[in-house]
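Working notes, structure below.
Predicted model, so just to flag it, every value in this text is computed and none were measured.
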Amino acid sequence: MNVTLTINTGPRAGERIAFSRAETILIGRGPEAHVKPSDDDHFVSRRHMLLRIDPPHCLLVDLGSTNGTYLNGERVTGEVELKEGDRIRVGAMDFAITGLDTDRATGTFETGEMWLCRNCRGLAEKANADGRAADIAGAASYLCGRCVEKIATELDGLRIGPYKLLRLLGQGTMGAVYEAVDERTGRFVALKQMLPGAAAKEKVAKLFQREMAVLQDLRHKNIVRLIDQGVDEGRHYFVSEYLDGGDAGSLIKSRRAAASVSESSSLIGQILDGLQYAHERNYVHRDIKPQNMLLAESGGQLVAKIADFGLAKNFAAAGASFMTRHGESAGTLLYMAPEQIKNFRYVKPTADLYSAGVSFYYLLTGRFPFHFPSPLDRVMGGLFGKKQKSELAIVLEDEPIPLLEQAPGISPKLAEVVDRSIRKKEEERYRSAVEMKLEIEKACCGKELSG
C-alpha cells in the first residue's frame, strides 16, 4: 500500500507524491527542505515540520515552528499520528494525506529513519553527517546540536575518540561500558572500552577483539548492533546501539515480581529469533541470560536484543583454540547447560537453547529451576556439620524442578515446553531456536509472538 501526499497550494500545487517505503519529508524555508513555500510566504519557518512516512502510517512532527502547523484547522504541537484524509496547513500551503491505515491506534511511531532529536524532538541536523543513517536505521537515535551541548555528563567531559562520555553504565574485569554521544553526528550510543590493565593481557585483548568481530558479522533486529570501533590511547573500544530499557533481569528485580506469560513469551520469542540467526551463521553465544537481554520500548511493546558476545564461538570450528579469562568458566553457571560445564570447547546451539529455557523459567517465576542453597543455608550447614552441595554439582546432578511446582498458574502446555527446554540430555531438548519458538506459540493458543 502507498501513502500519497497531495500538495493543494504553493509552488508545487497539484503534485501528488506516492511513498511505498519509509521516508522523512522536511517542510520549511531552509535549503535542506524537501518541500518549500512561495518566496512571499513568510509564515513558514526554516525547519517547520516533518512528515515521517512508513506506509501505511504517517507521523506529523511540528519542529517548534513560530506560526504553527494546523491539522484539520487546529494548531498542533509535537508529534501526531495522521489518519486517512487528514488535511495539513503550513503557512499558505495545504496538504492532504491518503492511503493510511485508519484502524491503527495512536501510539509510538516507528520509521526506518531516525532523524529527530531524542530529547527535544527537533531536527537532528547532523544525523547523516557520515552517510550512515540509512544503514543503521532502527539501531540508532540522535541528539540535535543544541542538546549535545546542553546534555548533562557525570564524567567531566571525558572523551574516547570522537565520543563524549556521559555516564558509566557498568564495568567488569575486561572493560567498561559508557553512555556516550558521537559529537560528529549527534548519535546516542553505548561505548565499551578495554580497561587499562586488561589491555595488557593478551587473552583478554583477544576476547575483546573477538566480540567486536562477531558483532560485525551479525545484523539482526534482535541482536545489539555494532556501529563503530577504534583505538584510543592504545586501548580498543567499540560502539553499539543504546537501549534505554535496561535488561530483562533488572526488569524482574525492579518489579519484585515475575513477568506475565505474554510478556515473558514475547521476550524469549525475540531472543530465539536472534539465536536462530546467529546459529545459522555458526555462532553460539554461550552466555544467554536475562542480564544479556537488553530492552527498549517500541509502540508500547518491549523489544529484546541479545548483548555481550564476548564468549561467543564459531561452533563449526569446534576444537579450535579458545581463550578464557583466568580462573573463569565460559558462561554463567546458573544458566549453563550441563554439557557446557563439562566441555565448553565443544558447545553447540542446544546449549544456548537450554540457557534460553532457564531464562524463560526465571522470567515466568522469578526463581531458578534448582534449589540453590542460600548464604544462610551454607552458614547454618557449616555450624551443624551439614555439607551443602555446590551450585556446580546441583546443575550437573539434580533434576530441574518442574515449572508447575513453582508457578501452578501457568498453562500445562507452556510448562511442558519450558520443562523440555531445560532437560539435562541434549537430545531431549529442542533441535533449533525456531522449533522452540513455534512450540511456545502453540502453547500460547497459537498466538504469534512479537518479533
Quick one: are [X] and [Y] in side-chain contact, heavy atoms under 4.5 Å?
X: Ile160; Y: Glu233; answer: no
X: Ile88; Y: Ile27; answer: no
X: Tyr362; Y: Lys289; answer: no
X: Lys126; Y: Glu183; answer: no
X: Thr153; Y: Leu165; answer: no
X: Leu414; Y: Leu403; answer: no
X: Glu435; Y: Leu353; answer: no
X: Val35; Y: His48; answer: no

Closest approach of [X] to [Y] (non-hydrogen atoms, all atoms of both residues):
X: Gly366; Y: Ile252; value: CA-CG2, 4.4 Å
X: Asn292; Y: His285; value: ND2-CE1, 4.0 Å
X: Ile288; Y: Ser359; value: O-OG, 4.1 Å
X: Leu364; Y: Ser260; value: CD2-O, 4.4 Å
X: Leu251; Y: Leu302; value: CD2-CD1, 4.0 Å

Tell me if a side-chain donor or acceptor on [X] pairs with a main-chain N or O of [Y] at a distance below 3.5 Å.
X: Glu125; Y: Gly145; result: yes
X: Glu84; Y: Leu100; result: yes
X: Asp86; Y: Lys83; result: yes
X: Glu241; Y: Arg225; result: yes
X: Ser266; Y: Ser262; result: no
X: Gln276; Y: Ala433; result: yes
X: Ser264; Y: Val261; result: no
X: Gln270; Y: Ala304; result: yes

Taking it one step at a time, do Arg87 and Asn72 satisfy side chain to side chain contact (heavy atoms under 4.5 Å, CB included)? CA-CA 5 Å; Arg87 299 291 292 265; Asn72 301 323; 3.8 Å; yes

Hey, is CZ on Arg146 packed in by over 12 heavy atoms from elsewhere, all under 6.0 Å?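 No, the 6.0 Å shell around CZ holds no more than 12 heavy atoms from other groups.
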
How about Arg132: does its CZ atom have over 12 heavy atoms from other parts shown lying under 6.0 Å from it?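 Yes, CZ of Arg132 has more than 12 neighbouring heavy atoms, counting only those of other groups under 6.0 Å.
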
Val231/His236 under side chain to side chain contact (heavy atoms under 4.5 Å, CB included): CA gap, chis, key distance, verdict: CA-CA 4 Å; Val231 180; His236 288 276; 3.5 Å; yes

Output the distance between atom [atom1] ([X]) and atom [atom2] ([Y]), rounded to the nearest 0.5 Å.
X: Ser45; Y: Asp62; atom1: OG; atom2: CG; value: 8.0 Å
X: Phe19; Y: Ile53; atom1: CZ; atom2: CD1; value: 4.0 Å
X: Met194; Y: Asp232; atom1: CE; atom2: CG; value: 13.0 Å
X: Glu391; Y: Leu333; atom1: CD; atom2: CG; value: 6.0 Å

Any side-chain donor near an acceptor of the partner, [X] and [Y], under 3.5 Å:
X: Ser38; Y: Asp41; answer: no
X: Asp217; Y: Tyr283; answer: yes
X: Thr332; Y: Asp287; answer: yes

Partner set under side chain to side chain contact (heavy atoms under 4.5 Å, CB included) for Ser240, not counting sequence neighbours: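 Residues passing side chain to side chain contact (heavy atoms under 4.5 Å, CB included) with Ser240: Ala190, Val224.
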
Test side chain to side chain contact (heavy atoms under 4.5 Å, CB included) applied to Gln229 - qualifying residues, sequence neighbours left out: Met212, Gln216, Leu226, Phe238

Quick test of your reading of the model: are Asp135 and Arg219 salt-bridged, counting only N-O distances below 4.0 Å?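 Salt bridge flag = yes for Arg219 with Asp135.
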
Less than 4.0 angstrom from a charged side-chain N to a carboxylate O is my criterion; do Arg184 and Asp228 meet it? yes

Does Lys305 form a side chain to side chain contact (heavy atoms under 4.5 Å, CB included) with Leu243? I'd like the steps, not just the answer. CA-CA 9 Å; Lys305 302 195 181 194; Leu243 287 87; 3.9 Å; yes

Paired with Glu211, the salt bridge (Lys or Arg N to Asp or Glu O under 4.0 Å) test is passed by just one of Arg286, Lys192, Lys313, namely Lys192

With sequence neighbours excluded, give me every ring pair (Phe, Tyr, Trp, His ring centres under 6.0 Å) pair touching residues 174-196. Phe188-Tyr242

Under 6.0 Å from the ring centre and within 45 degrees of the ring axis: does the NZ or CZ of Arg235 meet both conditions for the six-membered ring of Tyr237?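 Judged by the rule, Arg235 and Tyr237 form no cation-pi pair.
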
Per the ring pair (Phe, Tyr, Trp, His ring centres under 6.0 Å) rule, which among Phe360, Phe368, Tyr354, Phe370 passes with Tyr335? Phe368

